[in-house]
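Chain A is the first sequence line, chain B the second, and so forth, proteins listed ahead of strands; every chain is numbered from 1.
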2 protein chains.
Amino acid sequence: MSKPINDSTYWRDFEKNDITHSAAHYLMAIDALRDEYGYARVTDVAEMLEVSRGAASMSISQLKKRGWVTEDAHRFLLLTEDGRCMAQLVEQNFRILGKFFEEVLGVSPETALSDACKMEHLMSLETGRRLVWLMRYILSDESRAAKIHDVMACFRPGCESAEHCPLCEGGQCLTAPEGDCEFHRKERRKPGSVNS
Amino acid sequence: MSKPINDSTYWRDFEKNDITHSAAHYLMAIDALRDEYGYARVTDVAEMLEVSRGAASMSISQLKKRGWVTEDAHRFLLLTEDGRCMAQLVEQNFRILGKFFEEVLGVSPETALSDACKMEHLMSLETGRRLVWLMRYILSDESRAAKIHDVMACFRPGCESAEHCPLCEGGQCLTAPEGDCEFHRKERRKPGSVNS
DNA sequence: AACATAAGTTCATCATAATGAACAAAGAGA
DNA sequence: TCTCTTTGTTCATTATGATGAACTTATGTT
């Protein structure tokens, strides 16, 4: 088994992640509600996330057991130090990924935010910080930023459009073959999709 | 609700993703096994992924129902056109993210591969293609690549070490506050971790 | 033919995360 | 006080994805 992709030392990391997508959004909802209204109740969280009150109640009681959520003097929901830490980490990752996808890669805001939201709780602190470092470098110089934007503006999917590809030459080609499967047909039907 | 992070139009996209992390690895395992040995059976897949035969059997029967897996003339597992398409897409995303994290951001191989593996099935085709485009630009010129590597080599977490931060000035600071919570304490204990 | 091993499926069980219905408790108004 | 609404919890159910045990159905070997 030479291919590392199914290496059992990490393909199950997904399950052992510090926080689930769902839990992250419950924490962020409590944070956002307290920010906006000064308090957060089970019903408010349920409404914000558009889940049933039952689901919110059960999920939040799990978060309490994990020590991420408590109640304040008025019995309103409150993030603990650990809970706020997790929420901020995930929110930060969301902003980092969203900004990178949209402002550096030039992905449509729709797709950028959707992708960022899916990946936000899975990116490690180290990777997130380094991505910020890269963005800070790229965007710190006007002409450098402009050059990147120019390059990304004439983005075309596929290898053919590139005169010279340092990626393919250095190993495996990283351009997905445009197959005639269900997925690519759906992709081509998308409004505003960029396809060769 | 001005914050888009909990916007219900996309926080549930996570559940509605085309493929689950688990399903992606079953497909990739079948692909890898056929590549290496010319055939793939339920037991081989179970062994490769280190799951029980029962789990593999049930998961694979789901993949058959979805039309991603069939059997060949010898009753060995075989990816359909759609199945191979999904597998290749996810593998491509894994390679793209892994290469980006490791070779551009300078993340440790361990973390780079773990992060890539978690995110591989969630990155859209558009974002993946654009990330390849960016990498091709960055790595196509020797001095440009060297400059990026220099910049990333002197990476330090936190804002303080940067003289000038175009990210913070343009909006919200993207550097996660170094809180004293369970998560950051664990992070600091990691061997080889980069912390201020 | 008889027996052992290998391969694959099915079942009971568990965990997460959702729904909707039922129910309990707390407040508000006539 | 009685009633109605809001709030929150619990329960039965569903779906996914895992385990381990039991079981069936090959495939060999002597």
Side-chain angles (χ1 to χ4, degrees), chain A residues 6 8 10-30 33 37 39-66 68-78 86 90 117-118 121-122, chain B residues 6 8 10-30 33 37 39-66 68-78 86 90 117-118 121-122:
Chain A
N6 280 319
S8 58
Y10 62 78
W11 89 266
R12 295 258 206 132
D13 285 6
F14 190 77
E15 293 163 25
K16 295 176 193 79
N17 208 48
D18 290 306
I19 191 168
T20 64
H21 180 75
S22 168
H25 278 273
Y26 280 102
L27 293 183
M28 292 189 294
I30 293 170
L33 286 163
Y37 305 111
Y39 66 90
R41 296 167 309 166
V42 170
T43 302
D44 303 319
V45 173
E47 234 166 68
M48 185 178 232
L49 297 181
E50 290 184 30
V51 294
S52 64
R53 277 177 303 149
S57 176
M58 287 191 291
S59 292
I60 289 169
S61 67
Q62 284 305 308
L63 298 177
K64 284 177 181 170
K65 276 187 199 153
R66 285 205 204 182
W68 286 343
V69 171
T70 20
E71 289 175 0
D72 65 15
H74 307 284
R75 319 222 352 93
F76 290 131
L77 297 171
L78 184 71
M86 288 307 300
V90 175
C117 183
K118 288 178 187 173
H121 66 298
L122 298 167
Chain B
N6 281 320
S8 59
Y10 63 79
W11 88 267
R12 295 260 206 133
D13 285 5
F14 190 76
E15 294 163 24
K16 297 179 193 77
N17 207 47
D18 290 307
I19 191 168
T20 64
H21 179 74
S22 168
H25 278 274
Y26 279 102
L27 293 184
M28 293 188 294
I30 293 170
L33 286 164
Y37 305 111
Y39 66 91
R41 297 168 307 167
V42 171
T43 303
D44 303 320
V45 173
E47 237 166 67
M48 184 177 233
L49 297 181
E50 290 184 30
V51 295
S52 65
R53 276 178 304 150
S57 177
M58 287 190 291
S59 292
I60 289 169
S61 68
Q62 285 304 308
L63 297 177
K64 284 177 180 170
K65 275 187 199 154
R66 284 205 205 181
W68 286 342
V69 172
T70 19
E71 290 175 0
D72 64 15
H74 307 285
R75 319 222 353 93
F76 290 129
L77 296 172
L78 185 71
M86 288 307 299
V90 175
C117 182
K118 288 177 188 172
H121 67 299
L122 298 166

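Checking B:Arg41 against B:Met58, the closest nucleotide of DNA chain C that is more toward the 5' end is the one next to B:Arg41. Of the two residues near DNA chain D, A:Glu15 and A:Asp44, the one whose nearest nucleotide lies more 5' is A:Asp44.
Nucleic acid contact for A:Ser52: base, since at least one base atom lies under 4.0 Å from a heavy atom of the residue. Within 4.0 Å (heavy atoms only), B:Thr43 reaches sugar-phosphate atoms of the nucleic acid but no base atom. Residue contacts for B:Thr20: at a heavy-atom cut-off of 4.0 Å it reaches the sugar-phosphate backbone alone, with no base atom in range. The residue B:Ser22 sits close only to the backbone: its heavy atoms come under 4.0 Å of sugar-phosphate atoms, none of a base.
Between the side chain of B:Ser61 and the backbone N or O of B:Met58, at least one donor-acceptor pair lies under 3.5 Å.
Here B:Thr43 pairs with B:Glu47, B:Arg53 under the side-chain contact (heavy atoms from CB on, under 4.5 Å) rule; sequence neighbours left out. Applying the side-chain contact (heavy atoms from CB on, under 4.5 Å) criterion to B:Ala23, with sequence neighbours excluded, gives B:Ile19, B:Thr20, B:Leu63. For A:Phe14, the ring pair (Phe, Tyr, Trp, His ring centres under 6.0 Å) partners at least two apart in sequence or on another chain are B:His21, B:His121. Annotation: side-chain contact (heavy atoms from CB on, under 4.5 Å) contacts of A:Asp18 (sequence neighbours excluded): A:Met86, B:Phe183, B:Lys186. When the side-chain hydrogen bond (donor to acceptor under 3.5 Å, both in side chains) test is applied to B:Gln62, no partner is found at least two apart in sequence or on another chain. Looking at residues two or more places apart in sequence or on another chain, you find a side-chain contact (heavy atoms from CB on, under 4.5 Å) between A:Thr70 and A:Leu78, A:Thr80.
Think of the region where chain A sits on DNA chain D: with heavy atoms and a 4.0 Å cut, that region ends 5' and 3' at D:dT7 to D:dT19. Protein chain B contacts DNA chain C over a range whose 5' and 3' limits, counting nucleotides with an atom under 4.0 angstrom from a non-hydrogen atom, are C:dA7 to C:dT19.
Listed by first and then second residue, the salt bridge (charged side-chain N to carboxylate O under 4.0 Å, His left out) pairs that reach into residues 19-28 of chain B come to none, sequence neighbours excluded.
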